[in-house]
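So the structure is just underneath, and the comments pick up after that.
Just so we're on the same page: letters track the sequence lines, and every chain starts at 1.
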There are 2 protein chains.
Amino acid sequence: MTDRPDRPDRVVPETARRRRRPTKQGTVLSEQVIVDTALRLVGQHGAQAFTVRRLGLALGADPSAIYRYFHSTDDLLLAVADELIGLGLDGWRPTGDWRADLREVGMRIHARSLAHPQAAVLAAYRTTGRANEIRAIETMLGILREAGFPDPDAVSLYHAFIDQALGFAVLDSAALALPATARHADNGVWDTAYRGLSPDTHPHIAATADLLAADMRRSAYPLALDLLLDALAARLPS
Amino acid sequence: MTDRPDRPDRVVPETARRRRRPTKQGTVLSEQVIVDTALRLVGQHGAQAFTVRRLGLALGADPSAIYRYFHSTDDLLLAVADELIGLGLDGWRPTGDWRADLREVGMRIHARSLAHPQAAVLAAYRTTGRANEIRAIETMLGILREAGFPDPDAVSLYHAFIDQALGFAVLDSAALALPATARHADNGVWDTAYRGLSPDTHPHIAATADLLAADMRRSAYPLALDLLLDALAARLPS
DNA sequence: CCCTTACGACAACAGCATTGACGTTCTGCG
DNA sequence: CGCAGAACGTCAATGCTGTTGTCGTAAGGG
């Protein structure tokens, strides 16, 4: 959706750009500079800092200049999301062990999202169709197909795998991205509301309150990922 | 979290209300009427219809009248989400078959979220510690413990189970809550950007493009849930 | 029956994304 | 070399959004 301007279009594809005119404040714009600045902005000031006007301010450019590079803020968001995907995959090579490879990819997606929780919350559920996303899908599909899964299974299992990774990424990122007060309040609930429930009314919670309070502080993704891989291994044709 | 107005406050607690003055168009407002109308509005016209102004229009009242009942739109959304939690497990009883019960609970969480995506996106990662949440946890922990999982396993497997359900709920809800234009664009990507990639550069995507485009339109949660249950069954002590 | 005040309405404000018009400055071409 | 035309940064304007200060009216207890 983002390219192929058949009609006169405000946006020029990055590859066709030739004239780099600095803004009044001296910045030279580019897709990369804008995406990097957006990531930094969101990382420093939270997701609500992701507005065209504040981005323009941070760039030292008029907000509308951004529309020379992206069709809309949504378009820009997709570019940011794709950058995150790319950062996660950089410097990784498959080993040939499908289970180890899938596990590594899953953990990388999760870790990269937690490193930029605000951006992850905004972008994790989008389909970008951009270079890094395509590369990631090709890689994961390849792992499954070469492991021996027939195509229909490979596709639907890939779907389950990636959505589980992204779902946990969103959930855990959202918890991190919460304002400090709300985050502490949510954490405290496990000690206040759940410890001390009567065994008569809530036997199962009462019996495991300590375990619950401890377990809920961590991400459940590593376990969920291993469970998924267990199930995949069991379904692999021999 | 939202009440206890120690200072002069625009909002009067529902219990202390006495004067019910109809609006110009004849509606009599109340917390319940506003929450119900908001739910209906989101259900009928999509998540982007959830604005104070459109809600005022639907109520037949000035938008600012809503602030006599809720401190902010976020406050209102939490009230809506709370309403949803109450509807979730109503009328359901465990059958004693742990696998069928867990599957039913997972599917209910997912379905309820999809029915009201906007509220689900904002509420899924918060720990409320309120009555309905406690009831749900007690139920799920009970299913696992009575199935025969030792306590530490029951707790961590519960954690993986609930976060998987909520993660998929957020992901799929967010896709539904997207503005129509972005949603269609995301869907279209599978037909435009992924179909027609060369088998030379992207052999795995090229071989499965049709399968991908078809599979990605559906939620992967039912499959992911079954995979998780497979893995649980395999880990159950005999 | 009247006084207090709950509460709905109005208007205004700040901030949002987006766009059409304008003018400067860069660059390929002659 | 220089010039034409386009690339692209800037400005101004539009119509949204949530939110709030103020005012008037009507409800209902005394």
Side-chain angles (χ1 to χ4, degrees), chain A residues 2 5 7-31 33-34 37-38 41 45-78 122, chain B residues 2 5 7-31 33-34 37-38 41 45-78 118 122 178-182:
Chain A
T2 62
R7 299 284 137 205
D9 195 325
R10 183 180 299 258
V11 175
V12 171
E14 183 72 9
T15 54
R17 285 186 185 275
R18 285 168 305 164
R19 307 186 184 175
R20 302 283 181 179
R21 168 146 59 126
T23 69
K24 273 191 170 175
Q25 294 166 50
T27 328
V28 175
L29 297 179
S30 69
E31 277 192 14
V33 166
I34 295 174
T37 305
L41 200 62
H45 300 96
Q48 78 278 7
F50 188 78
T51 77
V52 179
R53 301 174 117 86
R54 295 184 68 163
L55 185 51
L57 209 66
L59 281 166
D62 189 273
S64 64
I66 292 163
Y67 291 92
R68 297 274 177 212
Y69 294 83
F70 300 95
H71 291 84
S72 62
T73 49
D74 193 70
D75 193 11
L76 169 57
L77 184 65
L78 293 183
L122 290 176
Chain B
T2 62
R7 300 281 139 206
D9 195 324
R10 183 181 299 259
V11 175
V12 173
E14 184 73 9
T15 53
R17 287 184 185 275
R18 283 171 307 162
R19 305 187 185 175
R20 303 282 180 179
R21 170 146 60 128
T23 69
K24 270 192 170 176
Q25 293 165 51
T27 328
V28 175
L29 298 181
S30 69
E31 277 192 16
V33 166
I34 295 175
T37 306
L41 202 60
H45 299 94
Q48 78 277 8
F50 189 80
T51 75
V52 180
R53 299 173 119 90
R54 295 184 69 163
L55 184 52
L57 209 65
L59 281 166
D62 189 272
S64 65
I66 292 163
Y67 290 91
R68 298 272 178 213
Y69 295 82
F70 300 95
H71 293 84
S72 63
T73 49
D74 192 65
D75 192 13
L76 168 58
L77 256 160
L78 288 181
Q118 173 84 14
L122 290 180
L178 235 45
T181 60

Review point. Can you find a side chain N or O atom of A:Thr73 that sits less than 4.0 Å from OP1 or OP2 on C:dA17?
Key: no

Study note, to complete from the structure: B:Arg53 atom CZ is separated from C:dC13 atom P, nearest whole Å, by 14 Å

**Study point:** Whichever of A:Ser72 and B:Leu29 has its nearest DNA chain C nucleotide further upstream toward 5'
**Key:** B:Leu29

Check your understanding: Is the closest side-chain donor-acceptor distance between A:Asp74 and A:Ser72 under 3.5 Å?
Key -> no

**Study point:** Result of checking A:Leu77, A:Ile34, A:Leu78, A:Val52 against A:Phe70 for side-chain contact (heavy atoms from CB on, under 4.5 Å)
**Key:** A:Ile34

Exercise for review: Give one of base, sugar-phosphate or nothing for A:Ala61, where a contact means two heavy atoms less than 4.0 Å apart.
Suggested key: sugar-phosphate

Practice item. Grab the CG-P distance between B:Asp62 and D:dG24 for me, whole Å please. Key: 16 Å

Study note, to complete from the structure: Comparing B:Arg21 with B:Phe50, nearest DNA chain D nucleotide closer to 5' gives the residue B:Phe50

Practice item. Taking only the side-chain nitrogens and oxygens of A:Lys24, find out if one of them lies under 4.0 Å from OP1 or OP2 of D:dC11. Key: yes

Review point. What is the distance from CD1 of A:Ile66 to P of D:dG9, rounded to the nearest Å?
Key: 10 Å

Practice item. Taking only the side-chain heavy atoms of A:Ala65 (C-beta and beyond), determine which of D:dG9, C:dT18, C:dC7 contains the nearest atom. Key: D:dG9

Check your understanding: Which nucleotide sits closest to the side chain of A:Ser64: C:dA12, C:dA17, D:dT10?
Key -> D:dT10

Practice item. Grab the OH-P distance between B:Tyr67 and C:dA9 for me, whole Å please. Key: 15 Å

Practice item. Give the rounded distance in Å between these two atoms: CZ of A:Arg68 and C1' of C:dT25. Key: 14 Å

Check your understanding: Where do A:Ala38 and A:Phe50 come nearest, in terms of heavy atoms and distance?
Key -> CB-CE1, 4.1 Å

Practice item. Output the single nucleotide from C:dA17, C:dA21, D:dG24 whose closest atom is nearest the side chain of A:Val52. Key: C:dA17

Review point. What is the distance, rounded to the nearest whole Å, between atom CZ of A:Arg54 and atom P of C:dA17?
Key: 11 Å

**Study point:** Whole-Å distance separating the CD atom of B:Gln48 from the P atom of D:dG15
**Key:** 20 Å

Review point. Would one find a side-chain N or O of A:Tyr69 under 4.0 angstrom from OP1 or OP2 of D:dG9?
Key: yes

Revision key, fill the gap. Separation of C:dG8 atom P from B:Leu55 atom CG, nearest Å, is 13 Å

Study note, to complete from the structure: Separation between CD1 (A:Ile66) and NE2 (A:His71), nearest 0.5 Å, reads 15.0 Å

Review point. Shortest non-hydrogen contact from B:Gln25 to B:Gly60?
Key: OE1-CA, 3.5 Å

